[in-house]
Amino acid sequence: MKTELAKDFIRQIIDEDIENNSSREVITRFPPEPNGYLHLGHAKSICLNFSVAEEKKGKTFLRFDDTNPVKEDEIYAESIKEDVSWLGYNWEDRLTFASDYFGDLYQAAITLIKKGLAYVDNQNAEEMKNNRGTLTEPGKNSEFRDRAINENLDLFKKMKSGDFDDGEMVLRAKIDMSSPNMNLRDPVIYRIRKYNHQRTKDKWCIYPMYDFAHALSDAFEGITYSLCTLEFQDHRPLYNWFIEQLETDHRPRQIEFSRLNLAYSLTSKRKLNDLIEKNIVDGWDDPRLVTISGMRRRGYPPESIIDFCQRVGVTKKDNIIEMALLENCVREELGNSTQRRMGVLDPIKVTIKNYDKDNIEYLEAQNHPKIPEFGSRKIPFTNEIFIERSDFLEDAPKKFFRLKPGGEVRLRYAYIICCEEVIKDSNGEIKELICTYDPDTKSGSGKSEKKVKGTIHWVSKKHAITSEVRLYDRLFHDHNPGSSEDIQSSINPKSLKISKAKLEESLGEENAPNSFQLERNGYFCLDAKLSKTGKRVYNRVVTLRDTWAKIEKAALSG
RNA sequence: UGGGGUGUAGCCAAGUGGUAAGGCAACGGGUUUUGAUCCCGUCAUUCGCAGGUUCGAUCCCUGCCACCCCAGCCA
């Protein structure tokens with residue numbers, strides 16, 4: 001935990017409850033539907049549910065809300081488990097499925113019918129829609145609403161035994177067709193779906209709806225706080241209605257909080273799915289996506305995601321969090337946990353004409369500027385090296401501290417060099433720089449008093465390994481791409497740039513770290529999906545803060 | 001024009017009937033062989049707006065405004 005955080009309103013409610021009744025347990029649940037992959041918004045919910053319970057020595061269930069066999073699949077359930085674990089949470093023996101309760105749910109429906117609180121409706125979807133009314137007009141009672149209890153019982157049993165086709169009948173709660181809350185206008189609680197369920201196979205052909213299954217599953221598991229997002233606020237009266245009418249042993253309490261939105265990204269399963277189907281991205285784990293699997297592949301440490309979720313807080317206010325906060329969390333975590341290396345993303349060759357071309361000098365380089373325990377390594381220096389193209393400017397502004405014609409710069413851990421000559425090709429593009437070095441300025445030798453303003457990174461040409469490095473930018477131009485249905489038009493065509501980078505020799509070693517900082521270039525991580533033996537592909541996780549870029553930008557605009 | 005929510009800085013977010021925490025961003029300065037990190041400093045006379053109650057209101061009351069959610073046999 002990096003910052004002292006004030007208690008959010010949910011924790012305050014829980015604290016008050018505990019004060020009023022010291023025996024009250026904290027049992028929460030994370031209830032995903034296995035019909036897609038988890039994203040950053042889910043991470044917020046996971047973090048909230050698990051940490052709130054953890055803080056009070058309570059428990060959290062991972063419960064799959066698998067009540068719609070048409071949309072759900074086991075592969076999603078597997079990925080969800082992997083993602084939750086990766087974030088660092090453990091549900092222990094509390095892995096459950098709404099489908100575990102299908103039998104109990106069925107009995108609960110029977111109870112409702114017997115109490116005269118549910119009825120079988122023959123209306124089709126179209127008719128039901130027409131009779132539901134509108135936001136300002138009440139609905140109309142179904143002509144089947146006052147069926148006898150025995151008839152309802154009989155019909156419901158026939159629904160279960162497969163006597164009717166999909167859509168022919170539904171079971172509805174009998175509440176109030178004129179309620180201003182649409183959820184209370186006799187909601188459907190069971191529908192017929194002659195479809196193989198991923199877990200119960202063909203045992204059932206009727207499936208409970210979310211409101212019914214969710215409220216009761218919470219009650220069955222003894223959930224004390226059922227935390228969900230704001231759009232379920234209007235469902236709370238229905239949630240409570242089921243709990244009250246069925247007189248369950250446990251009475252869970254639903255509390256809603258606002259979902260997380262991240263600027264320039266999408267946190268909607270449906271829209272994410274769209275991107276994948278249209279091949280705009282490389283699957284659910286594309287590193288530009290804020291799916292958990294995408295962020296994992298990108299190289300975001302789970303700790304940074306948890307830290308982020310803690311910092312954004314929990315309220316009922318709509319929000320769009322800036323990407324900068326997430327990136328700050330990632331940098332902070334990686335800064336303290338990764339070793340430093342050197343690598344050139346866009347190389348330009350430098351020949352040091354006064355350095356013996358047959359000589360190879362091994363120079364000492366620290367693996368971390370502040371953590372000596374990370375040790376050091378030796379890097380080879382020769383007369384031909386690569387430096388970053390952007391570290392040389394022919395026409396440099398006064399405050400440009402890097403290399404320019406006739407100017408000097410320090411090569412990190414090596415010598416100070418001076419640019420003597422610029423060699424260009426027929427197109428005017430710089431092909432090579434001819435420099436001289438000052439032998440007295442060897443790093444750490446203390447022989448020279450010479451000081452230069454700039455230090456740049458470099459790699460020995462002879463020893464460099466060429467690797468594919470993927471540089472990312474935001475996937476969307478639109479601050480809130482989710483607000484539009486036209487996702488395509490806000491796609492940033494330059495969100496992925498592939499570079500043939502020159503990396504220092506040590507990154508080719510067997511025990512080379514999988515994630516590291518390339519000094520002055522950012523944090524990088526091996527792409528587990530694209531890398532093969534003999535071919536390593538790296539993702540830039542995040543850049544370093546770049547105040548020079550800011551100065552340049554300000555100079556351009558001002 | 002029904003119901004349910006929400007409005008505190010550019011983005012998040014505390015807060016109390018006694019005079020606006022913190023983080024991110026931004027800006028200025030110091031240290032630095034990463035223009036990184038780190039450190040220091042600046043950044044709301046005002047809490048959606050208008051009235052009212054009060055010695056005193058961001059907090060209590062009234063009215064208004066803005067935004068979000070709801071008319072699936074999805075979750």
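Proteins get letters first, then strands, A, B, ... in listed order; numbering begins at 1 in each.
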* Taking 4.0 angstrom as the limit, do A/Arg270 and A/Asp274 come out as a salt bridge? -> no
* Has the side chain of A/Ser443 got a donor or acceptor that lies under 3.5 Å from a partner of the other kind on the base of B/U33? -> yes
* For A/Leu260 and B/C68, give me the distance from atom CG to atom P, rounded to whole Å. => 18 Å
* Structure fact -> Which of B/C70, B/G72, B/A75 is nearest the side chain of A/Phe232? It is B/A75
* Looking at every strand, decide which applies to A/Gly444 at a 4.0 Å heavy-atom threshold: base, sugar-phosphate, or nothing. => base
* **Test item: side-chain donor near acceptor, A/Asn68 and A/Tyr210, under 3.5 Å** => no
* Structure fact -> Here the helical stems involving RNA chain B, each at least 3 consecutive Watson-Crick or G-U pairs closer than 3.5 Å, sorted by first residue number, are B:2-7 with B:65-70, B:10-12 with B:22-24, B:26-30 with B:38-42, B:48-52 with B:60-64
* How long is the line joining CZ of A/Arg545 and P of B/C27, in whole Å? -> 12 Å
* **Centroid distance under 5.5 Å and plane angle under 30°, A/Tyr210 vs B/A75** => no
* **B/G5 glycosidic torsion: syn (within 90° of 0) vs anti** => anti
* To do: Answer yes if the side chains of A/Glu221 and A/Thr96 hold a donor-acceptor pair under 3.5 Å, and no otherwise.
  => yes
* To do: Quick one: label A/Ile192 by what it contacts on the DNA or RNA (base, sugar-phosphate, nothing), any heavy atom closer than 4.0 Å.
  => nothing
* Asked: In residues 163-172 of chain A, which ones come under 4.0 Å of RNA chain B, going by heavy atoms?
  -> A/Gly167, A/Val170
* Any N/O donor-acceptor pair, A/Arg340 side-chain to B/U34 base, under 3.5 Å -> yes
* Once you round it to whole Å, what is the distance between P of B/C67 and CG of A/Asn319? -> 18 Å
* Do A/Glu322 side-chain and B/G10 base share a donor-acceptor contact under 3.5 Å? -> yes
* Would you indicate what A/Lys129 reaches in the nucleic acid, counting non-hydrogen atoms under 4.0 angstrom: base, sugar-phosphate, or nothing? => sugar-phosphate
* Asked: Per the atom types in the model, does the base of B/U34 pair as donor or acceptor with the side chain of A/Arg520 at under 3.5 Å?
  -> no
* **Proximal nucleotide (of B/G7, B/G35, B/C12) relative to the A/Ile551 side chain** => B/G35
* Nearest whole angstrom, please: distance from the P of B/G35 to the CG of A/Leu403. => 14 Å
* Answer with yes or no whether A/Arg236 presents, from its side chain, a donor or acceptor under 3.5 Å of a partner atom in the base of B/G4. => no
* **Nearest-angstrom distance from the residue atom CZ of A/Arg270 to P of B/G72** => 15 Å
* Of the listed nucleotides B/C24, B/C70, B/C38, the one nearest the side chain of A/Lys370 -> B/C38
* Asked: Checking all strands, does A/Thr547 fall into the base, sugar-phosphate, or nothing category for heavy-atom contacts under 4.0 angstrom?
  -> sugar-phosphate
* Asked: Hey, are the side chains of A/Leu112 and A/Ile189 touching, using non-hydrogen atoms and a 4.5 Å cut-off?
  -> yes
* Output the single nucleotide from B/G35, B/A71, B/A75 whose closest atom is nearest the side chain of A/Asp546. => B/G35
* Asked: Once you round it to whole Å, what is the distance between P of B/C73 and CG of A/Asp186?
  -> 12 Å
* Asked: Taking only side-chain nitrogens and oxygens of A/Thr67, does any of them come within less than 4.0 Å of OP1 or OP2 of B/A75?
  -> yes
